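Written out below as structure tokens is the structure these notes cover.
On a predicted model such as this, the values are computed, not experimentally measured, just so you know. Numbering of ligands and ligand atoms starts at 1, following listing order.
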Amino acid sequence: MDFIRCDGAALTLVFALEAGGTGDCVYCGLRLPADEGLAALAASHARGRHESQPDAPPRPGLLPERKGGWSGAPALVLRRNGQAVDTDLRLENCDHAEGQATFAFVDPVAGVAVNVRWQISAGDIVSATCTISNRSETPLEVERLAALALPVPARFTEFTTFSGRWAAEMQEHSSAIAAGGIMRESAIGKPGFAGAGWVLLHAGEETLGAHLAWSGDAWLTLAPDAQGSGDGRAMLMMGAGWSRGEVVLPPGESYTTPPAVFSLAPDRSALAQAFHVHARTEVLPSRATWGPRKVHLNSWEALGFNLSEGGLMALAQSAASLGIERFVLDDGWFGGRRDDTSSLGDWTVSPDVFPNGLDPLIDHVHALGMDFGLWVEPEMVSPDSDLYRQHPDWCLHVEGGARPTMRGQLALDMARTEVRDYLFTRLDALLGEHPIAYLKWDHNRDLFPSGPGQAEGFYALLDRLRAAHPRVEIESCSSGGGRIDFGVLTRTHRVWPSDNNDAIERLRIIPAWSQFLPLEVLGSHVGPSPNPITGRRLDMDFRAKVAMFGHMGVEADPARMTEKDRATLAAHIALYKQWRGVLHSGALHRLAHPDPNVTGMMVTHGEKALSLVAQTEFSPVFDAAPVRLAGLEPEARYRVTLPEPWPGKARHYLANPDAWRQGLTLSGAALMGHGLALPLTHPETAWLIALERLPQ
Ligand code: DGJ
């Protein structure tokens with residue numbers, strides 16, 4: 001048996017290599033000393049054979065198969081001529097360089113070769129892919145192939161998965177890794193709201209997070225070694241989902257999965273920071289060159305489909321007076337689309353709304369000092385559209401079958417070159433003819449019937465458009481957060497986490513997404529009150545403070561706000577501009593509080609830090625427990641202030657407002673251990689806490 005190790009900054013992976021046998025990850029944890037004895041480490045966890053196990057106990061390792069008596073789910077399901085192919089893949093070779101290892105497995109009898117590649121990249125994130133090659137003379141159907149098969153270190157006994165629905169994305173469910181295991185799957189042609197692409201495993205505070213970087217269907221399984229056929233460890237697997245017959249390899253051909261990424265860290269904040277470093281350095285396109293994330297005003301919750309040139313100009317005028325920097329024209333600007341029943345596919349400016357074309361509005365927006373963004377939903381077609389009348393066969397459909405709609409629309413077959421060419425021509429013309437700085441790229445219908453190659457087709461169109469218009473920023477939206485993943489984020493600049501702008505809902509949704517995604521990509525808008533989805537009425541102060549922790553925007557009509565609300569909103573937009581450099585580059589910390597209705601987040605960056613602490617319910621006590629901060633240097637001194645405006649209901653309970661205005665000087669140790677006592681009794685109260693580290 002040979003052993004190799006791969007080291008990140010704070011992470012070590014140790015692999016055991018059994019030539020002609022298995023490759024296994026026998027250690028996955030905090031970085032080990034350079035002279036750690038790897039054979040001894042493996043021996044310390046080795047298991048002897050027990051009763052009810054095959055005589056040669058199976059070692060599923062990095063490529064679990066149904067061979068030698070392993071009873072768990074296999075990492076690959078293959079067919080030839082409709083018959084199942086049972087593989088016996090054996091380790092032939094391992095190519096190992098700093099921070100990466102590629103394990104080559106071969107089964108000469110089945111004519112199959114598999115390369116499993118793990119690489120540690122920025123943030124100590126491990127990126128895993130799997131390549132399968134057909135080395136036989138007949139086609140090989142790949143029904144399932146895991147990008148990642150991770151034998152779970154035995155100390156991880158709990159897990160969290162995410163489920164959701166429209167307007168209620170990323171709901172967390174935690175439980176023990178128990179017999180039976182779990183299977184999560186999306187089957188609508190995109191990640192959707194099912195959360196199959198994200199999972200957390202817990203060993204006390206220590207947390208392991210994994211994600212499939214793919215914008216199509218995804219599956220994940222987490223199964224204990226329930227029948228004891230293996231070595232007692234659970235197995236986590238993730239992969240892209242596809243329909244039968246979608247991946248068939250001719251002789252000599254290969255297929256590589258999209259990457260699954262994972263890492264582990266001492267707690268959830270540290271894990272979030274690892275994913276954010278990774279996203280900033282390896283995922284987001286040219287992140288280092290991005291300017292400040294501009295404050296948006298989006299027309300959707302302000303005007304809906306009630307669009308006119310005059311109304312939009314007035315909206316832009318009142319947006320600019322608040323300090324808005326980008327005006328985004330949402331749905332309803334094209335073809336005959338006056339509601340959501342028609343015109344998707346007809347990507348030409350509507351003469352009914354814009355008798356003089358789009359340019360007068362764009363000129364007006366520019367004259368007000370803002371740039372201009374536009375909503376599109378390229379992959380869709382309305383049955384009532386010129387495009388559909390010309391090309392009824394371009395949508396996903398079964399020949400001769402029914403064509404069920406969703407939101408009155410059908411989905412185009414993105415695997416077809418002529419479809420992508422048409423969409424490219426239309427979008428290229430729009431971007432070429434008008435100075436458009438930003439596209440909100442929506443996708444509101446599930447893909448049914450399914451069709452092969454849809455995610456690949458989407459990527460190809462997006463890549464071609466970005467190459468032609470490299471300065472245009474793009475947001476991935478899918479009825480809110482239905483298409484959010486690191487695959488789309490290698491091609492886009494922002495996601496729309498949810499259609500739900502209700503600040504109380506956002507206090508759950510933003511922390512959930514920010515477990516994996518940095519704040520600068522999470523669109524975070526101040527919506528109207530009452531909120532159109534939840535009906536809740538919330539103070540502007542509360543809505544605006546919550547919206548600051550993300551990529552801030554407004555999705556309401558300022559003209560319909562009171563003068564006081566406009567002033568409050570403008571003040572928070574100014575605060576966001578002052579603090580976005582910190583919020584969008586720093587390290588995010590999740591703050592714990594004994595009251596479950598208090599949400600706390602904090603971002604530290606250089607000598608500055610900003611925290612948001614929000615109470616959603618009426619507290620059972622008059623004096624809420626102090627808020628303990630995180631991520632500070634214990635020995636350093638910080639000047640602490642509470643940026644104004646202060647929440648109307650709670651400000652009266654500050655014992656000494658002037659002291660807070662002047663700033664309190666406290667050590668990092670005091671702030672993290674002793675905390676700050678803030679009025680957090682009333683429902684819908686939020687405070688900002690600003691910190692500046694003082695010179696030594
Ligand atoms: C769904 C999106 O999530 C909304 O923000 C909005 O753009 C509508 N589509 C427009 O149809």
Side-chain angles (χ1 to χ4, degrees), residues 164-170 188-193 215 296-307 311-312 315 326-347 350 353 372-385 405-412 427 430 436 438-447 473-485 488 492-503 505-506 509-510 513 521-528 531-534 547 550-557:
R165 64 161 172 91
W166 172 72
E169 291 82 347
M170 290 298 267
I188 54 170
K190 56 183 175 178
F193 304 119
S215 307
H296 286 196
L297 185 129
N298 180 292
S299 67
W300 181 243
E301 288 193 356
L303 301 177
F305 285 107
N306 185 19
L307 301 183
L312 286 161
L315 183 65
R326 174 175 288 154
F327 184 81
V328 181
L329 173 54
D330 210 283
D331 200 351
W333 58 268
F334 53 94
R337 190 155 166 101
R338 301 291 78 81
D339 56 33
D340 65 8
T341 60
S342 84
S343 302
L344 292 168
D346 298 345
W347 300 110
S350 163
V353 182
F372 182 79
L374 194 65
W375 178 95
V376 288
E377 195 180 3
E379 297 143 274
M380 298 295 157
V381 62
S382 306
D384 178 10
S385 67
T405 53
M406 178 168 170
R407 209 193 185 207
Q409 62 199 55
L410 297 163
L412 292 170
L427 295 170
L430 275 169
I436 295 170
Y438 170 91
L439 286 181
K440 175 177 175 179
W441 187 301
D442 208 343
H443 187 279
N444 289 301
R445 183 191 187 276
D446 299 346
L447 301 190
E473 290 184 14
I474 302 178
E475 174 182 66
S476 173
C477 170
S478 182
S479 305
R483 188 158 64 181
I484 298 183
D485 58 84
V488 81
T492 52
H493 303 74
R494 177 176 134 124
V495 294
W496 186 227
S498 179
D499 274 359
N500 197 335
N501 286 319
D502 180 315
E505 301 304 316
R506 283 297 183 121
I509 292 169
I510 292 289
W513 283 121
V521 303
L522 296 172
S524 184
H525 290 183
V526 175
N531 181 279
I533 290 174
T534 65
H551 178 177
M552 191 178 186
V554 176
E555 192 145 340
D557 185 353

Region of D442 that comes within reach of ligand 1 [heavy atoms, distance under 4.0 Å]: side chain
S479 neighbourhood, listing ligand 1 atoms whose heavy-atom distance to it stays under 4.0 Å: 3 (O)
Any K190 side-chain heavy atom under 4.5 Å of D485 side chain: no
Is the gap between the ring centers of W333 and F305 under 6.0 Å? no
Which protein heavy atom lies closest to atom 7 (O) of ligand 1, and at what distance to 0.1 Å? D330 OD1, 2.7 Å
Identify, by atom number and element, the atoms of ligand 1 in contact range of W375, meaning under 4.0 Å from any of its heavy atoms. 7 (O), 10 (C), 11 (O)
At what distance, to the nearest 0.5 angstrom, does CG of D442 lie from CD of E379? 9.5 Å
When you look for heavy atoms under 4.0 Å from ligand 1, do you find them on the side chain of R407, its backbone, both, or neither? side chain
G480 N/O to ligand 1 N/O under 3.5 Å: yes
Can you see which heavy atom on R407 is nearest to which on D331, and at what distance? NH1-OD2, 3.9 Å
Between N444 and ligand 1, which residue portion shows a heavy-atom distance shorter than 4.0 Å: side chain, backbone, both, or neither? side chain
Between S299 and D330, the two heavy atoms sitting closest are OG-N, 2.8 Å
Test side chain to side chain donor-acceptor pair (under 3.5 Å) applied to W513 - qualifying residues, sequence neighbours left out: none
Give the residue and atom name of whichever protein heavy atom lies nearest to atom 5 (O) of ligand 1, and the separation in Å to one decimal. K440 NZ, 2.7 Å
In Å and rounded to the nearest 0.5 Å, what is the OG1 to CD distance from T492 to E473? 10.5 Å
Nearest neighbour in protein (non-hydrogen) for atom 4 (C) of ligand 1: D499 OD1, 3.5 Å
Nearest protein heavy atom with distance in Å, relative to atom 11 (O) of ligand 1: D331 OD2, 2.6 Å
Restricting to non-hydrogen atoms, name the atom on C477 and the atom on W496 that form the minimum distance, rounded to 0.1 Å. SG-CD1, 3.5 Å
E555, any N or O under 3.5 Å of ligand 1 N or O: no
Mark up the atoms of ligand 1 that fall under 4.0 Å of a heavy atom belonging to C477, in ascending order. 2 (C), 3 (O)
